[in-house]
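Just so you know, ligand 1 is whichever comes first in the structure, and atom 1 is the first atom listed for that ligand. Nothing fancy with the numbering, it's 1 onward along the sequence. Note that this is a predicted model, so its numbers are computed, not measured.
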Amino acid sequence: MGETEEARRLFDKMPQRDIISWNAIVTAYAQNDKVKEARELFDNMPQRDVVSWNAILAGYEQNGQGEDALKLFNQMLRSGTIPDQSTFTSILSACTRLATIEQGKQIHTHIIKTIFKSDVLLGNTLITMYAKCGSIDDAHQVFHKMPIKDKVSWTTTIVGYAQHGHSNEALELFRQMEEAGVKPDHVTFVGVLSACSHAGLVAEGWHFFDSMSRDYSITPTVEHYSCMADLLGRCGHLHEAEEMITKMPFEPDAVVLGALLSACRIHSNVELGRHVAEKLFELEPENGANYVLLSNIYAAASRWDDVAALRMKMKDRGVKKQPGCSWIEVKNKIHTFLVGDESHPQTEKIYATLESLAEPMKALGYFPDTNFALHDVAEEEKVQLLCHHSEKLAIAFGLISTPPGTPIRIVKNLRVCGDCHTAAKFISRIVMREIVLRDANRFHHIKEGFCSCRDYW
Ligand code: ZN
Ligand code: ZN
């Protein structure tokens, strides 16, 4: 209780209020996590200017209310107020969070029409928006066209390439960055190291890791160690990864241990997996994802007693699996799906589409991997649940609601499930579409039966 209340008291006492005092009070509320109150004041303003609209837009964006931000932005355009750089920065961040590339593109067009001189900050925000919304080509276009690029422009594009699994492009751009004399920072190196990881370049990874401190005086953080753990793990050097983590100059955090646990799942290393998972359970007792990973490791080794014991442990500790949720944007609208969701108006068509894909998928060699269905249910029911995971429902909806040949862009709040990943590869072959899936960890560009992550995530 302080600043905003004090400002409000003064504001209420004012005999006459001009737009500047209105804007000040609206901004004070919006910046102090009181967006609802700010909006009420905003609605009562006798007149508004671009500052008033920006205050609410920024408040919505910071508060994670992306859809409200988009609604307000459209209202702003209708009101005849000309957006400025700050408006565009907020609204592009909202698009990034929602992964709405269609609306992001429309805003890009507005920017070209409204802002005449090129702006580095806005350019960087556009690169982020395109990269995070799944179109690395558009991100690179923006980068390429920027007359003035700063360190952030280079870094954002390098990181974007790495997240999309385009390792060669990321490393080539890094070479150009060095050549242009732009000094990389610790974020640039996160991009470079994860590019090495995607391509399985162990020697290059160590080279860049050493070069960081030697050539640029950047001390590696736990994030860089996590990239190295991911790289070593991907290549099956599990013990080297473990050794590196033990020797780090700080305590391992959940991210670096999580990378090692994922590696244990990929390489079916039960002993190390159990050991790493125990440490993770101590660090984040509530995170159901770690239990799921260990359970997958046990299940793949057919250690059903261990699976059952782990499930008991989860119950005892009250760990809940965060529900998986996937969404897709079609014609400026976001459609969200949960597992077995039947709430969508087109539910029947969605399920029929999945049904119609089952036969051709089977013919190509797909069979449901029930290791990924962690439910206390009979085998047959497991297959049912698996078939109706949120990713699959979103893909099916994408198929029926977008023109043939266009890519289907899905976002998932958690890591993509192994069975859905495999199914998506088969579906991409059958329907001849690219499926771009952004999960909690990375991007998957699934095309003609292959994924850019090379089945490691
Ligand atoms: Zn799944
Ligand atoms: Zn993938």
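The atom name of the N/O/S atom in H389 closest to the Zn ion (ligand 1) is ND1. Within H421, the N, O or S atom at minimum distance from the Zn ion (ligand 2) carries the name NE2. Within H444, the N, O or S atom lying nearest to the Zn ion (ligand 2) carries the name ND1.
Closest approach of D230 and S197 over heavy atoms only: OD2-OG, 2.7 Å.
Inter-residue side-chain proximity for K425 and D455 is flagged as met; some heavy-atom pair is nearer than 4.5 Å. A heavy-atom distance below 4.5 Å is not found between the side chains of F281 and N287.
Around atom CD of E286, no more than 12 heavy atoms belonging to other residues, nucleotides or ligands sit under 6.0 Å away.
With the Zn ion (ligand 1) as the vertex, SG of C420 and SG of C417 span 120° to the nearest 10°.
H421 pairs by the ring pair (Phe, Tyr, Trp, His ring centres under 6.0 Å) definition with H444, W457, not counting sequence neighbours.
For C451, the nearest N, O or S atom to the Zn ion (ligand 2) falls under 2.8 Å.
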